[in-house]
Amino acid sequence: MKYKNIIFDFDGILAESVHIKTQAFYQIYEQHGKKIAEKVVAHHEANGGMSRFEKFPYYHKTFLNIDLSEKDIENLSTDFSKLVIDDVVNVDEAPGALWFLKKYKEECNYWIVSATPTDEIIQIAKRRGISEYFIKIYGSPKNKSFIVKNIIKKHGLITGETVFFGDAMSDYRAAKDNSIDFILRQTDENHFLFNNHAELIRYNDFHELKTIFEGMN
């Protein structure tokens with residue numbers, strides 16, 4: 001099999017949790033009016049995989065003309081975590097995700113690289129009972145391209161044997177920035193983002209990847 005190293009995003013890849021984050025952004029900004037909340041959601045949906053540490057100051061400055069302090073951002077992130085963490089722990093897995101992790105665990109090394117804060121995504125993976133599958137789990141505030149670069153360097157990975165499974169442009173860029181392959185999980189939430197990338201391998205259910213993976217040399 002071609003791939004020996006797989007880097008997974010989390011939301012929308014291993015768990016069907018994208019809508020949970022979308023709802024949380026709406027709730028946080030709803031106090032500023034429906035139109036502001038809708039603008040926030042529109043940007044969030046077009047920029048999945050962008051850290052909330054980047055989104056909060058951007059939304060406040062762009063839509064409210066407010067500059068946030070580091071403490072403000074930290075407080076908003078804490079409020080956001082309270083809204084989402086239990087729901088993300090309990091949400092359905094992406095179809096076939098656990099089956100895939102089990103099937104290829106002897107052949108592949110796994111990592112998670114998420115835009116969720118590191119402590120939070122580690123806690124979520126533990127509570128979902130999947131942390132044991134991964135060499136390490138990474139989250140924000142470091143960006144995904146930086147994290148992937150460090151994984152490749154730290155473990156001496158061969159780029160041609162390494163792939164990123166993602167559903168957002170930030171995942172795609174992290175793969176391209178580091179000269180590794182990218183496989184897209186296409187969903188109702190992101191189908192419009194990759195219209196100009198007909199070359200990408202796409203799947204929705206992880207079971208679809210068995211033929212693709214085992215046909216690669």
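The model shown is predicted, which means the values in this text are computed figures rather than measured ones.
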Under a 4.5 Å cut-off applied to non-hydrogen side-chain atoms, are Trp99 and Lys210 in contact?
yes
Rounded to the nearest 0.5 Å, what separates atom CD1 in Ile152 from atom CD1 in Ile180?
5.0 Å
Heavy-atom distance under 4.5 Å between the side chains of Ile124 and Ile85, does that happen here?
yes
With the side chain counted from C-beta on, respond yes when Leu76 and Tyr59 share a heavy-atom pair under 4.5 Å apart, and no when they do not.
no
4.5 Å side-chain heavy-atom contact, Tyr3 and Asp181
yes
Do Ser69 and Asp72 have side-chain atoms, one donor and one acceptor, less than 3.5 Å apart?
yes
Provide the closest heavy-atom pair for Ala115 versus Ser140 in the form atom of the first, atom of the second, distance.
O-OG, 2.8 Å
Give the intermediate values and the outcome of side-chain contact (heavy atoms from CB on, under 4.5 Å) for residues Val89 and Gln123.
CA-CA 9 Å; Val89 167; Gln123 179 189 160; over 6 Å; no
Quick test of your reading of the model: are Asp9 and Lys144 salt-bridged, counting only N-O distances below 4.0 Å?
yes
Would Ile66 end up clustered with Ile28 when hydrophobic side chains under 4.5 Å apart are linked, directly or stepwise?
yes
Are Ile147 and Met50 connected into the same hydrophobic cluster when the rule is that any two of I, L, V, M, F, W, Y join if their side-chain heavy atoms are below 4.5 Å apart?
no
Side-chain donor/acceptor of Lys55 to backbone N/O of His43, under 3.5 Å
no
Heavy-atom pair with the smallest gap, counting every atom of Asp177 and Ser145
OD2-OG, 2.7 Å
Once rounded to the nearest 0.5 Å, what's the spacing between atom CZ of Phe10 and atom CD of Glu120?
10.0 Å
Which of parallel (below 30°), tilted (30 to 60°) and perpendicular (above 60°) describes Phe63 and Tyr58?
perpendicular
Could you tell me whether Tyr29 and Phe25 have their ring centroids closer than 6.0 angstrom?
no
For Lys176, I'd like to know if atom NZ has over 12 heavy atoms of other residues, nucleotides or ligands within 6.0 Å.
yes
Could you tell me whether the side chain of Gln27 and the main chain of Leu83 form a donor-acceptor pair under 3.5 Å?
no
Contacts of type salt bridge (Lys or Arg N to Asp or Glu O under 4.0 Å), residue Glu45, not counting sequence neighbours
none
Gap separating the CG atom of Leu184 from the CD atom of Glu199, nearest 0.5 angstrom
10.0 Å
is_close_aromatic(His197, Phe182), centroid dist under 6.0 Å
no
Does Glu16 pair with Arg185 as a salt bridge, N-O distance under 4.0 Å?
yes
More than 12 heavy atoms of other residues, nucleotides or ligands under 6.0 Å from NZ of Lys126: is that the case?
no
In this structure, which one of Ile201, Ile7, Ile183 forms a side chain to side chain contact (heavy atoms under 4.5 Å, CB included) with Val163?
Ile183
Flag yes if more than 12 heavy atoms outside Asp119 fall under 6.0 Å of its CG atom; otherwise flag no.
no
Separation between CD1 of Ile130 and CD1 of Ile137, rounded to the nearest 0.5 Å:
6.5 Å
Treating Ser77 as the side-chain partner and Ile73 as the backbone partner, does any N or O pair qualify as donor plus acceptor under 3.5 Å?
no
So, Phe165 versus Phe100, ring centres under 6.0 angstrom or not?
yes
Are Phe194 and Val18 in one and the same hydrophobic cluster, where Ile, Leu, Val, Met, Phe, Trp and Tyr link if side-chain heavy atoms are under 4.5 Å apart?
no
What is the minimum heavy-atom distance between Leu200 and Tyr172, and which atoms define it?
CD2-CE1, 3.9 Å
Got more than 12 heavy atoms from elsewhere within 6.0 Å of NZ, Lys103?
yes
Minimal non-hydrogen separation, Tyr26 against Lys34, with atom names
OH-CG, 3.5 Å
4.5 Å side-chain heavy-atom contact, Leu101 and Phe8:
yes
Going through the checks in order, is the side-chain contact (heavy atoms from CB on, under 4.5 Å) test met by Arg128 and Val91?
CA-CA 9 Å; Arg128 289 183 67 91; Val91 77; 3.6 Å; yes
Quick check on the hydrophobic clustering: are Phe56 and Val41 connected, directly or via other members, by side-chain heavy-atom contacts under 4.5 Å?
no
Would you say that more than 12 heavy atoms from the other residues, nucleotides or ligands in this model lie under 6.0 Å from the NZ of Lys4, or not?
yes
Restricting to non-hydrogen atoms, name the atom on Cys108 and the atom on Ile6 that form the minimum distance, rounded to 0.1 Å.
SG-CD1, 4.0 Å
Is there a side-chain contact between Asp11 and Val88 in this structure, where contact means two heavy atoms from C-beta onward sitting under 4.5 Å apart?
yes
Evaluate Lys21 against Thr116 for side-chain contact (heavy atoms from CB on, under 4.5 Å), listing each step before the verdict.
CA-CA 10 Å; Lys21 305 293 180 72; Thr116 300; 3.1 Å; yes
Heavy-atom side-chain proximity of Ile151 to Thr162 below 4.5 angstrom
no
Under 4.5 Å between any side-chain heavy atoms of Val84 and Gln23, yes or no?
no
Working to the nearest 0.5 angstrom, can you tell me the gap between Ser81 OG and Asp86 CG?
11.0 Å
May I have the step-by-step check of side-chain contact (heavy atoms from CB on, under 4.5 Å) for Glu70 and Phe53, ending in yes or no?
CA-CA 9 Å; Glu70 291 298 319; Phe53 295 107; over 6 Å; no
Partner set under side-chain hydrogen bond (donor to acceptor under 3.5 Å, both in side chains) for Asn90, not counting sequence neighbours
none
Say you draw a straight line from NZ of Lys102 to OH of Tyr104; how long is it, rounded to the nearest 0.5 Å?
15.0 Å
What residues, two or more places apart in sequence or in another chain, satisfy ring pair (Phe, Tyr, Trp, His ring centres under 6.0 Å) together with His19?
none
When every non-hydrogen atom of Asn5 is compared with those of Trp111, the smallest separation belongs to CB-CZ3, 3.7 Å
Verify the cluster assignment for Val148 and Ile158: are they in a single hydrophobic cluster under the rule of side-chain heavy atoms below 4.5 Å apart?
no
